[in-house]
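To keep things clear, I will list the structure first and then write my remarks on it.
Proteins get letters first, then strands, A, B, ... in listed order; numbering begins at 1 in each.
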Amino acid sequence: MPELPEVEVLRRDLESRLPKPARISRIHFFAPKLRTPLQLPTALEKASWDVLAIGRRSKFLIFETNHGILISHLGMSGYWRVEAALNLIKHDHVVLQWKSGEFWVYNDPRRFGVFEFYPSIDKVKWFSRLGPEPFTDEFMSDAVVRSMRSSGRAIKSIIMDAQVMVGVGNIYASEALFRAGINPFKSGRKVPYKKMDELRRVIRTTLLNAIKGGGSSIRDYVHAGGEKGRFQDKHLVYGREGKSCVKCGTIIQSRKCQGRSTFWCRVCQS
DNA sequence: CTTACCGCCTGTCGGC
DNA sequence: TGCCGACAGGCGGTAA
């Protein structure tokens with residue numbers, strides 16, 4: 001369920017809730033597995049973990065610890081919650097038991113999420129072919145616009161391709177394309193350089209504004225304390241099929257783009 | 001090489 | 001009421 005803004009909001013939330021000292025006394029796993037098996041190296045099964053920082057790469061949370069890193073991906077339906085006393089419910093898969101007595105619990109009904117240990121960040125197979133983060137200098141390089149224009153696929157598929165750039169999922173793809181005035185189905189090769197450069201900037205500001213708004217809560221997404229995001233109230237096209245375009249009043253369209261619902265205004269976007 | 005489509009899962013919702 | 005299909009913030013594998 002989360003795209004970059006939701007994961008970043010969660011990251012900040014969790015980091016601010018880190019107990020002091022930030023020591024995990026035990027990590028518990030519950031069957032069944034997520035996308036990948038839940039397991040730690042035997043030598044670390046009973047270890048305590050000092051959490052040095054909580055980072056993010058793409059849509060992954062990264063718990064940096066004295067033993068290596070623990071990565072968490074929320075898939076489509078995952079969330080973390082912070083509890084003073086452990087109260088397990090259906091679909092809980094991972095529990096971080098803190099020395100402070102708190103519990104951080106990962107719950108994921110659809111089990112598309114991931115929770116894995118790696119000795120270091122360069123060993124994470126999921127990170128090996130990722131494109132640039134939207135808030136870096138690299139994202140502003142000519143190479144990114146060139147890569148966005150180098151494919152004949154629909155531009156929406158291109159900006160959702162993590163090898164081109166990370167963080168843009170199904171909601172923000174439609175939102176950014178509306179804000180940039182580009183039809184989601186337009187071939188990347190047919191978007192002029194200047195227009196593509198504008199789209200890149202719009203993606204950045206859209207994601208940034210979504211973070212400021214606490215992310216989008218369409219159905220499942222909540223912060224670690226259970227609060228919802230507010231950015232869904234700022235959606236201009238996503239989920240607005242049949243309603244009026246906020247700019248011109250034309251009825252918002254919806255159609256599948258490679259299996260994902262896509263929303264746009266046929267007048268404002270060309 | 002490219003690109004569209006299919007699984008992976010559970011839960012919810014709308015139509016009949 | 002219940003059943004059944006469609007759909008849901010992701011992403012890798014695969015077939016053409």
Side-chain angles (χ1 to χ4, degrees), chain A residues 1-11 30-38 56-61 71-80 89-93 106-116 124-131 134 147-177 184-189 203 206-207 209-211 213-223 228-242 254-263:
Chain A
M1 39 189 236
E3 302 183 32
L4 185 148
E6 290 71 35
V7 178
E8 179 58 24
V9 168
L10 176 62
R11 186 196 71 74
F30 300 94
K33 72 181 183 79
L34 296 171
R35 270 192 86 170
T36 55
L38 289 166
R56 179 188 58 74
R57 175 74 174 107
S58 187
K59 298 168 187 171
F60 289 83
L61 285 175
I71 62 164
S72 167
H73 192 291
L74 305 185
M76 287 282 266
S77 55
Y79 68 91
W80 282 93
I89 59 175
K90 197 173 182 182
H91 304 309
D92 284 343
H93 296 102
Y106 179 68
N107 183 291
D108 185 2
R110 293 179 72 181
R111 293 194 274 125
F112 292 170
V114 169
F115 187 91
E116 290 177 335
V124 183
K125 61 181 180 196
W126 308 94
F127 297 173
S128 61
R129 289 182 339 202
L130 293 181
S147 123
M148 291 165 80
R149 300 186 68 235
S150 67
S151 164
R153 296 140 78 199
I155 182 60
K156 178 169 180 257
S157 308
I158 294 171
I159 63 176
M160 289 177 67
D161 182 343
Q163 293 189 52
V164 176
M165 63 180 69
V166 302
V168 180
N170 199 42
I171 291 178
Y172 298 109
S174 281
E175 290 299 313
L177 286 161
F185 296 91
K186 189 163 188 163
S187 158
R189 269 197 266 277
I203 287 169
T206 302
L207 296 176
N209 287 333
I211 291 170
S216 299
S217 294
I218 300 297
R219 47 184 71 78
D220 304 326
Y221 175 75
V222 286
H223 304 177
K228 289 177 182 288
R230 301 177 306 281
F231 195 74
Q232 63 279 7
D233 301 335
K234 303 275 179 64
H235 291 176
L236 302 179
V237 286
Y238 186 85
R240 297 195 67 247
E241 180 183 16
S254 176
R255 178 150 63 94
K256 297 279 183 198
C257 178
Q258 288 176 197
R260 313 295 301 278
S261 291
T262 303
F263 302 86

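Residue contacts for A/G152: at a heavy-atom cut-off of 4.0 Å it reaches the sugar-phosphate backbone alone, with no base atom in range. Across all strands, A/K125 comes closer than 4.0 Å to no nucleic acid atom at all (heavy-atom distances). Heavy atoms of A/G169 sit under 4.0 angstrom from primed sugar atoms or phosphate atoms, though from no base atom.
We find that CG of A/L34 is positioned 16 Å from P of C/dG12, with the value rounded to whole Å. Atom CG of A/N170 and atom P of C/dA8 are 7 Å apart (whole Å). Between A/H73 atom NE2 and B/dC8 atom P there is a gap of 19 Å when expressed in whole angstrom units. Rounded to whole angstrom, the span from the CG atom of A/D108 across to the C1' atom of C/dC11 amounts to 13 Å. In this structure, the CG atom of A/L130 is 8 Å from the P atom of C/dG12, given to the nearest Å. Note: CE (A/M76) to P (B/dT12) measures 15 Å, nearest angstrom.
Note on A/S77: every side-chain N or O is 4.0 Å or more away from OP1 and OP2 of C/dA8. Side-chain nitrogen and oxygen atoms of A/K90 include none within less than 4.0 Å of the OP1 or OP2 phosphate oxygen of B/dT10. Side-chain N/O atoms of A/H91 include one lying less than 4.0 angstrom from OP1 or OP2 on B/dG11. Residue A/S151 places at least one side-chain N or O under 4.0 Å from the OP1 or OP2 atom of B/dT3.
In this structure, B/dC16 and C/dG2 make a Watson-Crick or G-U wobble pair, each of the two defining distances being under 3.5 angstrom.
With DNA chain B read from its 5' end, the first of the two nearest nucleotides for A/R35 and A/P109 is the one closest to A/R35.
The aromatic rings of A/Y172 and A/H235 stand perpendicular to each other, their planes meeting at an angle above 60°, with 30° marking the opposite boundary. Ring pair A/F60/A/F127 is perpendicular by interplanar angle, where above 60° counts as perpendicular and below 30° as parallel. Ring geometry for A/Y106 versus A/H93: interplanar angle of 30 to 60°, hence tilted.
Checking side-chain atoms of A/R189 against main-chain N and O of A/S150 turns up a donor-acceptor pair under 3.5 Å.
Proximity note for A/K256 (side chain, C-beta onward) versus C/dC11, B/dT3, C/dC7: the nearest is C/dC7. Closest to the side chain of A/S261, out of C/dA8, B/dA4, C/dG10, is C/dA8.
Counting non-hydrogen atoms of neighbouring residues, nucleotides and ligands closer than 6.0 angstrom, the NZ atom of A/K33 exceeds 12 such neighbours.
With hydrogens and angles ignored, a donor-acceptor pair closer than 3.5 Å exists between the side chain of A/R110 and the base of C/dA8.
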